[in-house]
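See structure below.
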Amino acid sequence: QVQLVESGGGLVQAGGSLSLSCAASGSPVIMYIMGWYRQAPGKQRELVATMTSGGEENYSDSVKGRFTISRDKNTANLQMNSLKSEDTAVYYCNARFLTVESWGQGTQVTVSA
């Protein structure tokens with residue numbers, strides 16, 4: 001019954017910034033972990049950033065120092081700065097609690113060089 005509502009995404013030039021947001025709707029509890037994954041054309045889906053309900057953060061090496069994840073209960077935000085063409089991908093929100101896992105529909109982020 002948990003639905004992830006994503007917002008943000010779009011087209012931005014290299015060096016620019018973009019912000020994504022994800023809200024877990026219909027959950028009676030705070031999700032243990034929320035975050036973002038991405039998948040570029042011809043590549044596997046990969047971790048971008050996650051945060052637990054306790055505030056523990058995890059980032060992929062490729063985005064460390066440029067992206068920042070934040071949470072407010074069941075809402076997760078991803079601030080993306082100094083964007084590169086390599087960041088172009090479909091970004092998916094993810095949330096988990098015990099055996100329950102939810103995925104967003106995905107939002108396109110395109111970085112133009």
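Residues take their numbers from the sequence shown, with the count starting at 1.
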query: Atom CZ of Phe97 and atom CD1 of Ile30: how far apart are they, to the nearest 0.5 Å?
result: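 Between atom CZ of Phe97 and atom CD1 of Ile30 there are 9.5 Å.
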message: I need the Cys22 SG to Leu4 CG distance, nearest 0.5 Å.
response: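 Nearest 0.5 Å value for the SG-CG distance: 4.5 Å.
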Taking the side chain as C-beta and beyond, is there a heavy-atom pair between [X] and [Y] under 4.5 Å?
| X | Y | value |
| --- | --- | --- |
| Thr52 | Glu57 | no |
| Tyr92 | Arg45 | yes |
| Glu46 | Arg38 | yes |

query: For Ser21, does its backbone N or O pair with a side-chain atom of Glu6 as donor and acceptor, under 3.5 Å?
result: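 Pair absent, no side-chain N/O of Glu6 close to backbone of Ser21.
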query: Under the 3.5 angstrom rule, does the side chain of Thr88 hit a backbone N or O of Ser85 as a donor-acceptor pair?
result: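 Yes, Thr88 side chain to Ser85 backbone: donor-acceptor pair under 3.5 Å.
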message: If you compare all heavy atoms of Ala113 against all heavy atoms of Ala14, which two are closest, and at what distance to 0.1 Å?
response: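 Smallest heavy-atom distance, with atoms named: CA-CB, 4.2 Å.
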field: Nearest non-hydrogen partners of Ser17 and Ser82, listed with the distance
entry: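 Looks like OG-N, 4.4 Å.
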field: Pair listing, side-chain hydrogen bond (donor to acceptor under 3.5 Å, both in side chains) test, anchored in residues 65-76, at least two apart
entry: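 Output for this query lists Arg66-Asp87.
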- prompt: Which pairs count as side-chain hydrogen bond (donor to acceptor under 3.5 Å, both in side chains) when at least one residue sits in residues 97-107, sequence neighbours excluded?
  reply: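 Pairs touching residues 97-107 that pass the test: Asn94-Glu101.
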- prompt: Yes or no on side chain to side chain contact (heavy atoms under 4.5 Å, CB included) for Arg96 and Tyr32, after CA distance, side-chain angles and deciding distance?
  reply: CA-CA 6 Å; Arg96 296 191 297 278; Tyr32 170 67; 5.8 Å; no
query: Going hydrophobic residue to hydrophobic residue with side-chain gaps under 4.5 angstrom, can you get from Val90 over to Leu11?
result: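 No, Val90 does not connect to Leu11 through the hydrophobic network.
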field: Val2-Leu98 co-clustered via ILVMFWY side chain contacts under 4.5 Å
entry: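 As far as the 4.5 Å side-chain criterion goes, Leu98 and Val2 are not connected within one cluster.
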task: State whether a side-chain donor-acceptor pair under 3.5 Å links Gln79 with Asn81.
output: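 Per modelled atom types, Gln79 and Asn81 side chains form a pair under 3.5 Å.
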task: Any chance you could pull the hydrophobic cluster mates of Met51, using side-chain heavy atoms under 4.5 angstrom and chaining through other members?
output: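 Same cluster as Met51: Val12, Leu18, Leu20, Trp36, Val48, Tyr59, Val63, Phe67, Ile69, Leu78, Met80, Leu83, Tyr91, Val109, Val111.
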